[in-house]
Every structure is written in structure tokens, then in C-alpha cells.
A.B. asks: 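Quick one: structure below, then a few questions.
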Amino acid sequence: VASYLRDTARQRTKRYLGHNPAGGAMIVALLVMLSIIGATGFMMTTDAFWGVAWVQAAHETAVSLTLGLVVLHIVGVIVASCEHRENLVRAMITGRKRVETERR
């Protein structure tokens with residue numbers, strides 16, 4: 001992922017038909033954060049954790065971090081779309097992406 005991000009900064013990234021390394025890491029990060037949001041949200045509805053400050057703080061922190069990850073995801077999609085001259089949003093919706101042979 002770090003190597004991919006360095007290449008992105010230099011605009012020399014390899015094109016992937018599926019998720020690139022940063023996109024794959026983002027999926028994992030978002031799934032983890034959504035799991036934390038769900039777990040702490042559920043905990044706040046139980047008698048054992050009702051009104052417990054650390055649970056609410058963890059929930060709110062997870063929500064804020066997730067919003068930050070969403071912004072980073074959008075920026076990443078825009079950067080990758082521009083670099084590879086393709087509409088990644090359309091590819092996310094349709095599940096189709098152009099197949100291209102490697103340029104020499």
C-alpha cells in the first residue's frame with residue numbers, strides 16, 4: 001500500500017482491473033470502522049452500557065473517523081480516475097471497467 005501511494009504521488013501507478021492496493025486497504029478500514037460503529041451503537045441500547053461515557057465516545061470517534069475515510073476514498077477515486085483517464089464511479093455502479101493491455 002505504501003509503495004502504491006508513493007507511485008500515486010509521482011503519478012506512475014500501475015492500473016488494476018479490480019481494486020488497487022489503497023482501495024483494498026480502504027475497504028478493510030471502512031468495514032472495521034462500520035463494525036465498531038455497529039457494535040458500539042448496539043452497546044448503547046443495552047442496559048449494561050446505557051449512558052456509559054466511553055461507549056458513546058468510542059461510537060462518536062468511530063463515526064468521525066469513518067467520515068474522514070469516506071472523504072479520503074472520494075479523493076482517491078478522483079485521483080485514480082484522472083490518472084488513468086477512466087470513470088471509476090461508473091465502473092463502481094456497473095461493475096465494468098475497460099480492459100487495456102499494458103503500454104510499452
A.B. asks: Say you draw a straight line from CG of Leu88 to SG of Cys82; how long is it, rounded to the nearest 0.5 Å?
C.D. replies: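 With rounding to 0.5 Å, CG (Leu88) is 9.5 Å from SG (Cys82).
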A.B. asks: Return all side-chain donor-acceptor pairs below 3.5 angstrom for residues 18-28, not counting sequence neighbours, or 'none' if the list is empty.
C.D. replies:
residue: Asn20; atom: OD1; partner: Ala22; partner atom: N; Å: 3.0
residue: Asn20; atom: OD1; partner: Gly23; partner atom: N; Å: 2.6
residue: Asn20; atom: ND2; partner: Tyr4; partner atom: OH; Å: 2.9

A.B. asks: Are Leu69 and Leu65 co-members of a hydrophobic cluster defined by side-chain heavy atoms under 4.5 Å apart?
C.D. replies: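 Leu65 and Leu69: one cluster.
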A.B. asks: Find out if a path of hydrophobic residues (ILVMFWY) with successive side-chain heavy-atom gaps under 4.5 Å connects Met44 to Val52.
C.D. replies: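 The answer is yes; both residues are in one hydrophobic cluster.
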A.B. asks: Kindly determine whether Val79 and Gln11 satisfy side-chain contact (heavy atoms from CB on, under 4.5 Å), including the steps that lead there.
C.D. replies: CA-CA 9 Å; Val79 168; Gln11 292 197 338; 5.9 Å; no
A.B. asks: Could you tell me whether the side chains of Ser81 and Glu86 share a donor-acceptor contact shorter than 3.5 Å?
C.D. replies: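 No - no donor-acceptor pair under 3.5 Å links their side chains.
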A.B. asks: Mind checking the OG1-CD spacing from Thr8 to Glu83? Nearest 0.5 Å is all I need.
C.D. replies: 6.0 Å
A.B. asks: At what distance, to the nearest 0.5 angstrom, does CG of Asn87 lie from NZ of Lys97?
C.D. replies: 11.0 Å
A.B. asks: Given the rule that I, L, V, M, F, W and Y join up when any side-chain heavy atoms are under 4.5 Å apart, are Trp50 and Met43 in one cluster?
C.D. replies: no
A.B. asks: Under a single-linkage definition using a 4.5 Å side-chain heavy-atom cutoff for Ile, Leu, Val, Met, Phe, Trp and Tyr, are Tyr16 and Ile78 assigned to the same hydrophobic cluster?
C.D. replies: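 No, separate clusters.
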A.B. asks: Quick one: do Phe42 and Phe49 end up in the same hydrophobic cluster if we chain Ile, Leu, Val, Met, Phe, Trp and Tyr together by side-chain heavy atoms under 4.5 Å apart?
C.D. replies: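 Phe42 and Phe49: separate clusters.
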A.B. asks: Got a list of side-chain donor-acceptor pairs under 3.5 Å for residues 30-41, not counting sequence neighbours?
C.D. replies:
residue: Ser35; atom: OG; partner: Leu31; partner atom: O; Å: 2.8
residue: Thr40; atom: OG1; partner: Ile36; partner atom: O; Å: 2.8
residue: Thr40; atom: OG1; partner: Ile37; partner atom: O; Å: 3.3
residue: Thr40; atom: OG1; partner: His59; partner atom: ND1; Å: 2.8

